[in-house]
Amino acid sequence: MVTGFNAGTEPEADDDGLLAQAAALAGTMVAIVRHSGRSGTRQEFDTLISGLEEVALEHPENVYVQRLLNAETRRQITDYAKLYDEVPKQNQVNDVKMAALNRCAQAAEWLDTNVSPEDAAIVKTSILTVCRQVATESSEEGAMSFSAGDAENNVDVAEQSALDEVARALGAVYVT
């Protein structure tokens, strides 16, 4: 007997916005870990929203992926874009990082308890994919924009570190 997650006959479990918060904060963490200028940061947040829209289209059957972007989270991401238009102070970056990693760990625990392993893996991978898109967008903003990071994939070392931390918090396997 399958317990703890939707076995096909049980209604979908309600995450109370946890998954959307994890996705929004993880993307924000990647976007601000290395400030890429006013227009670059705006573009990163636009990429966060469009990336979440794209993964929803790629996985229409997964109700949990569909929950990654809702009206409240869209507004929150837009507010973050305005808030971090200027170079954030290190303590702001650290606060977002701590909140993002905590929320991702909570989301992973919730997924592992309430969702099939297949659906959980899709949600975790979707969050990481969007975060990777944000990091790549950031690195495309300037010729000198990455330093000793993943030059082949155009991701700055600080952003790669942020991606690795998000993957660990989600308990996801993510190949860079």
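Every heavy atom of this structure was used, including side-chain atoms; hydrogens, water molecules and symmetry mates were not. As the structure is a computational prediction, the values presented were derived from the model and not from experiment.
- With sequence neighbours excluded, the residues forming a salt bridge (Lys or Arg N to Asp or Glu O under 4.0 Å) with Glu53 are Arg74, listed by chain and number.
- Closest non-hydrogen pair, Tyr64 versus Ala13, comes out as OH-N, 3.2 Å.
- For the pair Gln106 and Leu18, the minimum side-chain heavy-atom distance is below 4.5 Å.
- Atom CD of residue Glu159 and atom SG of residue Cys131 lie 11.0 Å apart, to the nearest 0.5 angstrom.
- Glu61 pairs by the side-chain contact (heavy atoms from CB on, under 4.5 Å) definition with His59, not counting sequence neighbours.
- Formation of a donor-acceptor pair under 3.5 Å by the Thr136 side chain with backbone atoms of Arg132 is found in this model.
- Counting only heavy atoms from C-beta outward, the side chains of Asp15 and Asn114 never approach each other to under 4.5 Å.
- Counting heavy atoms from C-beta on, the side chains of Leu68 and Val130 never come closer than 4.5 Å.
- Between Ile77 atom CD1 and Ile49 atom CD1 the span is 5.0 Å, to the nearest 0.5 Å.
- The CD atom of Glu58 sits 7.5 Å away from the OG1 atom of Thr129 when rounded to the nearest 0.5 Å.
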Verdict with supporting geometry, Tyr84 and Val96, side chain to side chain contact (heavy atoms under 4.5 Å, CB included) = CA-CA 11 Å; Tyr84 298 114; Val96 169; 3.1 Å; yes
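- For Asp164 and Gln160, the side-chain atoms include at least one donor-acceptor pair closer than 3.5 Å.
- Donor-acceptor pairing under 3.5 Å is recorded for the side chains of Thr73 and Asn70.
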Residue pair Asp79, Arg75: steps toward the salt bridge (Lys or Arg N to Asp or Glu O under 4.0 Å) verdict | CA-CA 6 Å; Asp79 289 347; Arg75 184 196 56 74; 2.5 Å; yes
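- Two residues are said to be in side-chain contact when any heavy atoms from C-beta on lie closer than 4.5 Å; Leu163 and Val155 meet this criterion.
- The OG1 atom of Thr47 sits 10.5 Å away from the CG atom of Leu52 when rounded to the nearest 0.5 Å.
- How far CD of Gln43 is from OG of Ser50: 7.5 Å, rounded to the nearest 0.5 Å.
- Side-chain atoms of Thr41 and Tyr80, non-hydrogen and from C-beta on, never get closer than 4.5 Å to each other.
- By the 4.5 Å heavy-atom criterion applied to side chains, Thr78 and Lys82 are counted as neighbours.
- Between the CD atom in Glu165 and the CG atom in Leu170 there is a gap of 12.0 Å [rounded to 0.5 Å].
- Leu111 and Lys124 make their closest contact through CD1-CG, 4.1 Å (heavy atoms, listed as atom of the first residue, atom of the second, distance).
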Table please: side-chain donor-acceptor pairs of residues 19-30 below 3.5 Å, with sequence neighbours left out.
unit_1, atom_1, unit_2, atom_2, d
Gln21, NE2, Gln76, OE1, 2.6
Thr28, OG1, Ala24, O, 2.8

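- Under a hydrophobic clustering in which Ile, Leu, Val, Met, Phe, Trp and Tyr are joined whenever their side-chain heavy atoms come within less than 4.5 Å, directly or via other members, Leu48 and Leu83 fall into the same cluster.
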